[in-house]
Number of protein chains: 2
Amino acid sequence: MVKEPSPPPTAAPPTAEPGDDTESKILDAAHAVFMRSGTAGARMQEIADEAGVNKALLHYYFRSKERLAAAVFDRVARGLFARVGQLAMSEVELEEKVRLIIAAYLDQFARTPYAPGYLICEMNQHPDRAGQLLTALGGSTTVSRGPAMPFLAGLAQQIEQRVAAGRMRPIEPRQFLANLVSLCVFPFAARPMLCAVFRMDDGGFREFIEERKTSLPSFFLNALRP
Amino acid sequence: MVKEPSPPPTAAPPTAEPGDDTESKILDAAHAVFMRSGTAGARMQEIADEAGVNKALLHYYFRSKERLAAAVFDRVARGLFARVGQLAMSEVELEEKVRLIIAAYLDQFARTPYAPGYLICEMNQHPDRAGQLLTALGGSTTVSRGPAMPFLAGLAQQIEQRVAAGRMRPIEPRQFLANLVSLCVFPFAARPMLCAVFRMDDGGFREFIEERKTSLPSFFLNALRP
DNA sequence: GTCTATACGCAGATAGAC
DNA sequence: GTCTATCTGCGTATAGAC
């Protein structure tokens, strides 16, 4: 019971912590530590401390640091793409879909604000993670199973219809999606930079995001008016 | 002369390399290595190899790894914000300014595509970097000297005028800037993710960015039509 | 200024008792 | 399954010759 409440480091990990089994406690701790320190910067001892278990146990449950890091990466990636992937593939009308995706993203990141930065860092420094991302996503019921990307095709179709109906300017589907995701994710990934440049503290950032929840949908949908 | 042309790792560092003095060679090498491996993941030996000098020399010129990392961070930060900061503060008309900023960003990143990811990682994992960013920027002739942010104030004024003239929808200046930067920077920061999800190789990504150069200005300006 | 050789600590991983 | 103790290699940093 050495485990302290731990200075709220990377917001709440997905799974519960109280009387959970050791493996979960380790994974949750690793989740938090890897997110704030990066894989290379994190120390196994740090994870053990945060989990309130012995360092040797990390190796008992997860062979090596690299395997533990991979497990955490998978969990974070799935957590990020799950809802949004489902929303993107759903049959909802396009404008409403955009609103739902923005709301889902901003809402989720308000709870796990460090996930975007973690994923970006991890994939930039560890090239294999790109492939791992796809298998992680392909294995679950989310985005891309198989070689093509069904949700992109579906999106393209929706866009095409709307353009044909004269209700939207033409836009390449990948650019559509890249714009949408950029606007949602970047402020979280670049949070320290934004906070520095805009002179915001944690509260200021929260307000900034709150305002964004209302301004972003109209901004994005406006950009696509014919 | 152990120095190989080195497999184009992080695109060309700012300064030249050929017969330069040792300190510059080290800084350039550190620039490249820190960018692709991150500060924590990088090894001093790796930097020495890339610079074609002895490992001990790194400590001769830059005391410690941390100091070397700080020097690189400063250089990258200044390089990224210099042009854009100047553009943002210039007296150019707002629409034209937006076009110039987008062009400058996409053009610059086409040459140093890993800079955004590096900066984001560095600032997420190394909290002190936020302050360092501001001093680095404040020292140069770019963005924020003093406590306030002149370029934000100037931007706010331009927006206000345009809104008053009925030529633009109202938008909070910080949201304006956040949107602009997000759309420009994120695709580079999240490049491995985009390439994986969109099934793009390096060439495909280049094309994607090329298309973005034309589609992004109209997208952004369109979003602000009244 | 540049090199070789080396000191020193730390972090990942294992052995083995309980 | 969980712990203590320990091994091992690696990475930063320094000492000191040239």
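Chain A is the first sequence line, chain B the second, and so forth, proteins listed ahead of strands; every chain is numbered from 1. As the structure is a computational prediction, the values presented were derived from the model and not from experiment.
Note: B:Phe208 and B:Phe198 have tilted aromatic rings, judged against thresholds of 30 and 60 degrees for the angle between ring planes.
Atom NZ in A:Lys65 sits about 15 Å away from atom P in C:dT14, given to the nearest Å. Note: CG (A:Leu68) to C1' (C:dA13) measures 14 Å, nearest angstrom. The distance between atom CE of B:Met44 and atom C1' of D:dC10, rounded to the nearest whole Å, is 15 Å. Between the CD atom of A:Gln45 and the C1' atom of C:dG12 there is a distance of 11 Å, rounded to whole Å.
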Per-pair distances, 0.1 Å, donor-acceptor, side chain in residues 185-195 of chain B, under 3.5 Å, sequence neighbours excluded:
unit_1	atom_1	unit_2	atom_2	d
B:Arg191	NH2	B:Asp202	OD1	3.3

Stepwise, does the side-chain contact (heavy atoms from CB on, under 4.5 Å) test hold for A:Tyr60 with A:Asn54?
CA-CA 10 Å; A:Tyr60 175 80; A:Asn54 193 277; over 6 Å; no

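Remark: B:Arg129 is positioned above the aromatic ring of B:Phe73, its terminal NZ or CZ atom under 6.0 angstrom from the ring centre and at most 45 degrees off the axis.
Phosphate proximity of D:dC10 to B:Arg43: absent, as no side-chain N or O sits under 4.0 Å from OP1 or OP2. Contact annotation: B:His59 side-chain N/O to D:dT14 OP1/OP2 distance is not under 4.0 Å.
Within the 4.0 angstrom heavy-atom criterion, no nucleotide atom of any strand lies near A:Ala40.
Note that CD1 of A:Ile101 is 7.0 Å distant from CG of A:Leu177, once rounded to the nearest 0.5 Å.
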What N/O pairs connect the protein and nucleotides 1-4 of chain C at under 3.5 Å? Give each pair on its own line.
unit_1	atom_1	unit_2	atom_2	d
C:dT2	OP1	B:Thr22	OG1	3.0
C:dT2	OP2	B:Thr22	OG1	3.2
C:dT2	OP2	B:Tyr61	OH	2.6
C:dC3	OP2	B:Asn54	N	3.2
C:dT4	OP2	B:Asn54	ND2	3.0

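For the salt bridge (Lys or Arg N to Asp or Glu O under 4.0 Å) with A:Glu50, the qualifying choice from A:Lys55, A:Lys25, A:Arg36 is A:Arg36, the only one to do so.
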